[in-house]
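To start, the structure itself, in C-alpha cells.
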Amino acid sequence: MEMFTFDRAERSVTQHGSIGLTATRIAHGTGPSNGDGAFLAHLSVAAGGVVGTHPAMGPQLFLVLTGAGWVAGPDRVRVPIAAGQGVRWEQGELHTSGTDTGFTALALDGPTLQLFAPES
C-alpha cells in the first residue's frame, strides 16, 4: 500500500487563458495494445476562475469533487455543474469550464474511456 496526497496544487496553469487554475498530476499509464496512455490530474479552480477553452487531448472525463461552476462545449453554452456530477468530452472537442465560487475536479484522459450506465 502506498498513501499519497493528490490535492497538492503543484503548478499554476495559465495556458489557453486559464485563470485561478492549479493542477496536480496524479497518475498516468499506457494502453494495453496501442501505447496510448491515460492521465489523471486533480484540478482546483479558484472563485472567479476559468479553465480556458482548449481541445480534449483524448476522450476526457471531468468529475467535480467539491463546489460548483459551469462547463461548456464547442457551442460555448454554459451548463451548470456541481459536486458529484461529471461531463465527458470526445477527443478534439473544444471545451471550457469556470466557477463563481470555486471547485475541485478530477480530469481523466484516456483512449478508451466509456461511461457505465446507471445501475437500476
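Numbering of residues begins at 1 and proceeds along the displayed sequence.
In this structure, CG on L40 lies 5.5 Å from CG on L108, to the nearest 0.5 angstrom. Considering CD1 of I26 and CZ of F39, their distance stands at 8.5 Å, rounded to 0.5 Å. Of the inter-residue distances, the one linking L61 atom CG with W89 atom CH2 reads 10.0 Å to the nearest 0.5 angstrom. Going from atom CG of D7 over to atom CG of L43 covers 12.0 Å, rounded to the nearest 0.5 Å. Separation of atoms CZ (R88) and CG (L63) is listed at 12.0 Å; rounding is to 0.5 Å. Distance check: H95 NE2 to H16 NE2 gives 9.0 Å after rounding to the nearest 0.5 Å.
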- Message: Apply side chain to side chain contact (heavy atoms under 4.5 Å, CB included) to residues V45 and V51 and explain how you reach the verdict.
- Response: CA-CA 8 Å; V45 183; V51 178; 3.9 Å; yes
- Task: Starting from the C-alpha separation in whole Å, work towards a yes-or-no answer on side chain to side chain contact (heavy atoms under 4.5 Å, CB included) for T96 and R78.
- Result: CA-CA 9 Å; T96 187; R78 293 181 177 187; over 6 Å; no
- Task: Evaluate the criterion side chain to side chain contact (heavy atoms under 4.5 Å, CB included) for residue pair L106 and L65; output intermediate values, then yes/no.
- Result: CA-CA 7 Å; L106 290 177; L65 301 174; 3.8 Å; yes
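Between the side chains of S44 and T104, no donor-acceptor pair of N or O atoms lies under 3.5 Å.
Other residues, nucleotides and ligands place more than 12 heavy atoms under 6.0 Å from the CZ atom of R8. Dense packing is recorded around NE2 of H54, with more than 12 heavy atoms of other residues, nucleotides or ligands lying under 6.0 Å away.
A side-chain donor-acceptor contact under 3.5 Å links T24 to the backbone of A9.
At a threshold of 4.5 Å between non-hydrogen side-chain atoms, the residues D109 and F62 do not count as touching. In this structure the side chain of E93 never reaches within 4.5 angstrom of the side chain of P55, judged on heavy atoms.
Between A47 and D100, the closest heavy-atom pair is CB-O, 3.3 Å. The shortest non-hydrogen separation linking V71 to S97 is CG1-CB, 3.9 Å. Across all their heavy atoms, T99 and A46 have their closest contact at CG2-O, 3.5 Å.
Residues L21 and V87 share a single hydrophobic cluster, defined by chaining ILVMFWY side chains whose heavy atoms lie under 4.5 Å apart. Under the 4.5 Å side-chain contact rule for hydrophobic residues, V79 and F103 share a cluster.
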